[in-house]
Every structure is written in C-alpha cells, then in structure tokens.
Amino acid sequence: MLTTVAICTRNRAALMEKAVRSVLAQMGSDTELLIVDNGSSDETPELAKKIVAADPRVRFIVEKNSGISHARNAAVKDARGKWLLFLDDDATAEPSWLAAYENFFRNPPDEKAASVGGAVTPVFEIPLPKWVEKDVAKLDLGPKPFPFPYDHCPWECNYAVRCDAVNAVGGFGSPFGHIGQTTGYREGAELNLRLQDAGYETWWLPGAAIRHFMHAKRMNLRWLLSAAFNEGRSIALHRLKDRAGAGRFFYCAGRLLAAPFHMVVNLLVAAVSWPFQHGRPAVKALKRVMSVSGMATELFRRIKR
C-alpha cells in the first residue's frame, strides 16, 4: 500500500467527521484512512466505529498515552502505507489534496525525500479581530516545489512522512505537541530536524492544500498569549535536545540572564505601539514577551535537574 492517511483526534467528533468525509471522497481502494483517538470523552469513538463499519478503507485505533506525538507515533506503527499523510481533525482537504500527495509519493523529486507538506488556508469561526494579523494561520510558499532549508519544515496539520525514515530516527518526540488540554508545538519541526540531520530532505508541495478551522477561542488575546508561552516552552525543549553537560548549563544560564531584558524591551514596545495599527504591533510584542517567558520557564526547570 502506498498511502495511509491519519487523522489524530481528541474530543472533536463533529469536526473529525468533516475531515474524514473530505478525505474519503478522494480515496481509491489502494489507500487507507486511519482514525487515531487520543483519549476522547465525547462521542468520537462511537462515531469513528460507525464510519469504520460503513467503509472498509477506514480503520480505528486508540492511543491511551495523552499527547499528539504519542498519537502520531501510534499512526506510524499501525500504518500499512509506505507514506503516512497527516490531516488535523479540525481541517478539511481540498479536492486535489490526495492526488497531489500520491503523485509526489510515486515520483519523489529526490530519493532522500522523507517528508513533505502543503498549503494551509484558515477558516475563521468568527470575524477576525482588527488586532490580529490578516495572514495569521495561513501558509502558502508558492507554486513551485522545493526542498526546505535546514531546520525549516511545513506545518503538521498538512504533512506527510515516509514511515521507514521516521522509524529510522526514532519517531516523534513525546515532549512536543499538544498534550491533553495543554497547547504545544514543534513535534513536526523537531522530527524534521532529526530527519535532516540523518541526510533526508523535506519538501514543499504545491497543490496539496487544506482548509484549517480556527476556533473562536484562538482569536482571544488570553488564548494567544497562553499559546505563545507554550510555544516558548517547546522551543526550549527543541534547543536543549542536543546539548549536555557544561554546554547545556551555560546555554540555559545565558538565555535566562537575557530573558528579563528581552521581556522589558517588548513590554515597552507594546505600551508605545498599542494605539497604532489597531494594536497589531503591540499584540506581536506581547506574544514575544510570553514566548520568552515560556522558554525561560522551561530552561529554569531543566537547569535545576
């Protein structure tokens, strides 16, 4: 089998069903769809089982360890396809999405290609607040395919990996990504860095587009600042991954000493720029404050160990 499409989900039954339907409409008999439940307490398991009963191309598994990285690793382990294609449970695939990916899988531009991703268009539940950047949550890198530069990658909501390559580098890192109700990031970025270190390539794929539903809560300033804090924590974990001993200690100490300065500067920028451009520069500065704070918090936890 060439392709396994995986939808990892938790407590989003209605959205998950829309994601599934958008994929099934494009699938042939040589592609499977894998629904991975990561501890849902709503009707997700029952709905998934109904979908499975109605279509033999769909399978359903449960990953009890909480966290998107655990769910993605369960998909890697259970996939029958050579390539594993991830779609978020709150996204829908555009009509040419699967065909674009499978053409890439059959005719990769380089034998070292091991991961690939495409465009993301946000669909907002509420009108966009004026203080939010217009291109927020949008990814479009143009009409031509290309390999990403080192330490860059597509977004995990629309992203495919070659299963043998992922297994060769140890799978997704469990500290990264969403864990339960805690927003986390960089599970794909961290994996892609290990793939690139091992000599593999990550590619941009035009034509493989999705629409990603943006919940109203994500347009709330409190949620955005909390997400920025957790992203900072994920960045700290990412950067500490290959550091040990004295190098790890001095990296943590240097970042911790610099953090208050960066936070104060960005707080001043936020205060001065708040009246301008509907507050967009101020919000960006506040997000930087929270990201630095999250990074410093995680580094302090690690340096104490």
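Computed over heavy atoms, backbone and side chain alike; hydrogens, waters and symmetry mates excluded. Here the structure is a predicted model, which means the values were calculated and not measured.
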>> Applying side-chain hydrogen bond (donor to acceptor under 3.5 Å, both in side chains) to Tyr150 and Asp197, what does each step give before you reach the verdict?
In response: CA-CA 9 Å; Tyr150 183 73; Asp197 284 341; 2.5 Å; yes

If you define the side chain from C-beta out and look only at heavy atoms, does anything of [X] sit under 4.5 Å from [Y]?
{"X": "Asp140", "Y": "Asp135", "answer": "no"}
{"X": "Asn11", "Y": "Ser41", "answer": "yes"}
{"X": "Glu298", "Y": "Ile235", "answer": "no"}
{"X": "Asp30", "Y": "Leu2", "answer": "no"}
{"X": "Asp88", "Y": "Glu156", "answer": "no"}
{"X": "Leu87", "Y": "Ile210", "answer": "yes"}
{"X": "Trp83", "Y": "Phe104", "answer": "yes"}
{"X": "Trp131", "Y": "Leu224", "answer": "yes"}

Quick one: does any side-chain atom of [X] pair with a main-chain N or O of [Y] as donor and acceptor, under 3.5 Å?
{"X": "Ser226", "Y": "Arg222", "answer": "no"}
{"X": "Glu32", "Y": "Arg80", "answer": "yes"}
{"X": "Trp204", "Y": "Gly142", "answer": "yes"}

>> Show, in sequence, the C-alpha distance, side-chain angles and deciding distance for Cys252 and Leu240, and conclude whether the side-chain contact (heavy atoms from CB on, under 4.5 Å) test is met.
In response: CA-CA 9 Å; Cys252 291; Leu240 287 177; 3.6 Å; yes

To the nearest 0.5 Å, what is the distance between [atom1] ([X]) and [atom2] ([Y])?
{"X": "Leu256", "Y": "Met295", "atom1": "CG", "atom2": "CE", "value": "9.0 Å"}
{"X": "Asn167", "Y": "Arg162", "atom1": "CG", "atom2": "CZ", "value": "11.0 Å"}
{"X": "Asp78", "Y": "Cys163", "atom1": "CG", "atom2": "SG", "value": "10.5 Å"}
{"X": "Thr9", "Y": "Ile35", "atom1": "OG1", "atom2": "CD1", "value": "8.0 Å"}
{"X": "Asn73", "Y": "Lys77", "atom1": "CG", "atom2": "NZ", "value": "10.0 Å"}
{"X": "Arg10", "Y": "Glu63", "atom1": "CZ", "atom2": "CD", "value": "12.0 Å"}

Tell me whether [X] shares a hydrophobic cluster with [Y], the cluster being built from Ile, Leu, Val, Met, Phe, Trp, Tyr side chains joined at under 4.5 Å.
{"X": "Leu267", "Y": "Val272", "value": "no"}
{"X": "Tyr200", "Y": "Leu193", "value": "no"}
{"X": "Phe229", "Y": "Val283", "value": "yes"}
{"X": "Met1", "Y": "Phe105", "value": "no"}
{"X": "Val58", "Y": "Leu85", "value": "yes"}

Heavy-atom closest pair, residues [X] and [Y]:
{"X": "Tyr159", "Y": "Pro154", "answer": "CD1-CG, 3.8 Å"}
{"X": "Ile68", "Y": "Asn38", "answer": "N-OD1, 4.0 Å"}
{"X": "Pro45", "Y": "Phe60", "answer": "CA-CZ, 3.9 Å"}
{"X": "Ala6", "Y": "Ala75", "answer": "CB-CB, 3.9 Å"}
{"X": "Gln26", "Y": "Leu98", "answer": "OE1-N, 2.9 Å"}
{"X": "Val20", "Y": "Leu33", "answer": "CG1-CD2, 3.5 Å"}

> Parallel, tilted or perpendicular: which describes the rings of Phe146 and Phe148, with under 30° parallel and over 60° perpendicular?
Replying inline: tilted

>> Can you tell me how the ring of Phe86 sits relative to the ring of Phe172, calling it parallel under 30°, perpendicular over 60° and tilted otherwise?
In response: perpendicular

> Where do Phe213 and Leu15 land on the side-chain contact (heavy atoms from CB on, under 4.5 Å) test, with the steps shown first?
Replying inline: CA-CA 9 Å; Phe213 182 69; Leu15 288 170; 4.0 Å; yes

Salt bridge between [X] and [Y], side-chain N to carboxylate O under 4.0 Å?
{"X": "Lys49", "Y": "Glu46", "answer": "no"}
{"X": "Arg194", "Y": "Glu190", "answer": "yes"}
{"X": "Lys217", "Y": "Asp90", "answer": "no"}

> Can you pull the side-chain hydrogen bond (donor to acceptor under 3.5 Å, both in side chains) pairs that have at least one residue in residues 265-282, sequence neighbours excluded?
Replying inline: Asn266-Arg288

> Yes or no on side-chain contact (heavy atoms from CB on, under 4.5 Å) for Arg57 and Thr31, after CA distance, side-chain angles and deciding distance?
Replying inline: CA-CA 7 Å; Arg57 301 171 299 174; Thr31 302; over 6 Å; no

>> Determine whether Glu231 and Lys287 satisfy the following criterion, side-chain contact (heavy atoms from CB on, under 4.5 Å), listing intermediate values before the conclusion.
In response: CA-CA 10 Å; Glu231 184 174 18; Lys287 287 171 67 178; over 6 Å; no

> Just wondering, more than 12 heavy atoms not from His215 lying within 6.0 Å of its NE2?
Replying inline: yes

> Strictly by modelled atom types, are Asn192 and Ser115 linked by a side-chain donor-acceptor pair under 3.5 Å?
Replying inline: yes

>> Can you confirm if the aromatic rings of Phe249 and Tyr251 lie within a centre distance of less than 6.0 Å?
In response: no

>> Does Trp97 form a side-chain hydrogen bond (donor to acceptor under 3.5 Å, both in side chains) with Asn158? I'd like the steps, not just the answer.
In response: CA-CA 10 Å; Trp97 177 77; Asn158 180 20; 2.8 Å; yes

Can you give each donor-acceptor pair under 3.5 Å made by side-chain atoms of residues 119-126, sequence neighbours left out, with the distance rounded to 0.1 Å?
{"from": "Glu125", "atom 1": "OE1", "to": "Ala216", "atom 2": "N", "distance (Å)": "2.7"}

